[in-house]
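To start, the structure under review is shown below, and the notes come after it.
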Amino acid sequence: MEREQKPGRRALLGAAALGAGAMALSGAGTATAAETRTAPGAVAGTSGRGHELPVPTVIGHRGASGYRPEHTFGSYQLALDMGADIIEQDLVPTKDGHLVCRHENDITATTDVSAHPEFADRKTTKTVDGTKLTGWFTEDFTLAELKTLRAKERIPGNRQRNTLYDGRWEVPTFEEVLQWADREGRRRGRRVWLYVETKHPTYFRKLGLGLEEPLAKLLRRYGRHKKDAALFLQSFEPSSIQRLRKLVDTPAVVLLSTIDSRPWDFVEANDPRTVADLVKPEGLKWIASYAQGIGPDLSVIIPRTSDGKLSTPTSVVKDAHAAGLILHPYTMRNENTFLPADFRRGSDPNAYGDAFGAFKAYFATGIDGIFSDNADTALLAAADFRK
């Protein structure tokens with residue numbers, strides 16, 4: 001394992017990376033007791049509007065999805081109340097072009113659509129990014145129709161307690177989230193940060209439901225289109241980020257899946273590069289020409305051995321920082337089934353393991369933040385690296 005950096009140095013390193021990417025991050029607050037550190041010059045041009053994001057940053061993955069059904073206002077509000085530094089949304093379109101917050105356009109597992117006989121004939125089979133899926137899809141529903149559905153827990157086998165909240169919340173639109181964030185910001189006296197992903201952008205563009213233009217329109221409407229906006233854009237397809245860069249100046253992050261995978265827009269364009277190519281110095285330099293960071297799968301930061309334990313960290317953190325990029329890898333969850341084997345405890349796959357031990361291992365690599373389903377756990381772990 002690489003030598004652990006001193007927490008103070010790590011906070012400065014993250015801020016320096018933001019500065020190198022020509023991006024100021026201002027106006028963020030946190031409900032933790034951890035100290036937020038600011039590197040000289042890192043927030044130039046912010047006119048004293050607040051502190052930068054703390055490093056490591058805790059991103060509420062789909063809200064507080066370890067405790068509430070994902071992408072609901074119940075999940076978003078809980079993550080914010082817990083103190084998450086940023087709240088994440090995934091965006092997919094409706095038939096009539098509205099952007100709604102769902103992890104996937106397939107809403108079979110995340111809504112009660114199967115219990116609505118009036119929509120039985122909407123069940124169909126589609127191929128999305130090379131994967132054949134059978135179910136119900138947002139692009140086959142108008143917003144009015146989608147609003148008749150209610151959200152439910154996506155993985156009830158792992159999170160049975162979350163099913164208590166099935167049916168309490170509807171599917172939110174992204175505009176509703178922007179309005180909520182503005183209200184909460186006024187109430188708290190600080191800006192509420194959002195982390196917004198375009199899902200399957202090539203697939204939707206082929207359907208005439210391009211995501212980037214309506215997203216940019218909403219960002220401009222709510223004043224989140226500038227380089228100091230309290231919002232990150234993200235996508236697994238680099239071309240989506242490049243398209244957004246022509247529309248808004250909002251900070252952007254390229255998401256990267258497992259090391260041997262290829263972004264779907266690369267597959268469509270016959271671009272042979274894999275994630276392994278993109279995390280080499282030349283690939284990171286290319287990403288830095290249009291984005292401010294990367295969001296890799298945690299296995300790209302520390303690979304797992306054949307028996308599921310953590311191996312030796314890669315050089316990706318060092319190389320990305322050298323390119324002026326921040327790193328916000330994904331996703332930490334508390335349950336044994338999602339943890340590296342060396343941090344699992346007991347025989348119940350759905351019981352909590354040694355999440356703090358896993359967080360420590362990842363934070364020690366020098367990452368600038370992390371996506372977590374359990375913001376409260378992540379914040380306690382991050383506090384040890386913010387002092």
Should [X] and [Y] count as side-chain neighbours, where that means a heavy-atom distance under 4.5 Å?
X	Y	value
Leu194	Leu178	yes
Lys126	Phe137	yes
Val100	Leu91	no
Tyr352	Asn336	no
Asn105	His200	yes
Cys101	Val177	yes
Tyr76	Glu88	no
Leu53	Phe232	yes

Quick one: do the [X] and [Y] side chains pair a donor with an acceptor below 3.5 Å?
X	Y	value
Ser240	Thr198	yes
Asn374	His61	no
His98	Glu175	no
Arg62	His103	yes
Glu139	Thr94	no
Glu176	Trp180	no
Glu153	Gln160	no
Ser65	Asp373	yes
Tyr203	Glu237	no
Thr131	Asp129	no
Asn334	Thr377	yes

Can you say whether the rings of [X] and [Y] are parallel (under 30°), tilted (30 to 60°) or perpendicular (over 60°)?
X	Y	value
Tyr330	Phe236	perpendicular
His328	Phe371	perpendicular
Trp286	Tyr290	perpendicular

Lys/Arg N to Asp/Glu carboxylate O, [X] vs [Y], below 4.0 Å:
X	Y	result
Arg187	Glu184	yes
Arg188	Asp81	yes
Arg386	Asp85	yes
Arg243	Glu213	yes
Glu145	Lys95	no
Asp140	Arg122	no
Glu170	Lys147	yes
Glu104	Arg102	no
Asp271	Arg273	yes
Arg205	Glu212	yes

[X] and [Y]: same hydrophobic cluster, using ILVMFWY side-chain contacts below 4.5 Å?
X	Y	answer
Ile155	Leu164	no
Val267	Leu256	no
Ile287	Phe266	yes
Phe73	Tyr222	yes
Val196	Val248	yes

Heavy-atom donor-acceptor pair, [X] side chain to [Y] backbone, under 3.5 Å:
X	Y	result
Gln292	Pro251	no
Thr138	Pro93	yes
Thr72	Ser75	yes
Asp342	Leu310	yes
Thr314	Val300	yes
Asp368	Pro56	no
Trp136	Phe119	yes

Of all the heavy-atom pairs spanning [X] and [Y], show the shortest one and how long it is.
X	Y	answer
Pro329	Leu298	CB-CD2, 3.7 Å
Ser257	Val275	O-CG1, 3.7 Å
Asp166	Pro69	OD1-CG, 4.2 Å
Asp106	Gly135	OD1-CA, 4.2 Å
Ala291	Ile241	CB-CG2, 4.3 Å
Ala84	Leu379	N-CD1, 3.7 Å

Could you pull out all residues at least two apart from Asp277 that satisfy salt bridge (Lys or Arg N to Asp or Glu O under 4.0 Å)?
->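 By the salt bridge (Lys or Arg N to Asp or Glu O under 4.0 Å) rule, Asp277 matches Lys280.
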On the ring face of [Y], is [X] found with NZ or CZ under 6.0 Å from the centre and within 45° of the axis?
X	Y	value
Arg68	Tyr165	yes
Arg224	Trp193	no
Arg161	Tyr67	no

Derivation and outcome, salt bridge (charged side-chain N to carboxylate O under 4.0 Å, His left out), residues Arg150 and Asp112 = CA-CA 6 Å; Arg150 290 296 180 267; Asp112 63 353; over 6 Å; no
Aromatic ring proximity Phe356/Phe343, centre distance under 6.0 Å =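 Between Phe356 and Phe343, the centre distance exceeds or equals 6.0 Å.
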Separation of Lys199 NZ from Leu255 CG (nearest 0.5 Å) =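 Here the interatomic distance stands at 8.0 Å.
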Distance from Ile87 atom CD1 to Met82 atom CE, nearest 0.5 Å?
->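 CE of Met82 is found 10.5 Å from CD1 of Ile87.
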Take atom NZ in Lys217; do more than 12 heavy atoms of anything else shown fall under 6.0 Å from it?
->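 Atom NZ in Lys217 is not crowded, with 12 or fewer foreign heavy atoms closer than 6.0 Å.
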CZ (Arg168) with more than 12 external heavy atoms under 6.0 Å |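 Check fails, neighbour count at 12 or below.
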Going through the checks in order, is the side-chain hydrogen bond (donor to acceptor under 3.5 Å, both in side chains) test met by Asp249 and His225?
-> CA-CA 6 Å; Asp249 294 323; His225 60 293; over 6 Å; no
May I have the step-by-step check of side-chain contact (heavy atoms from CB on, under 4.5 Å) for Arg333 and Arg159, ending in yes or no?
-> CA-CA 11 Å; Arg333 300 175 170 98; Arg159 293 174 173 167; 3.6 Å; yes
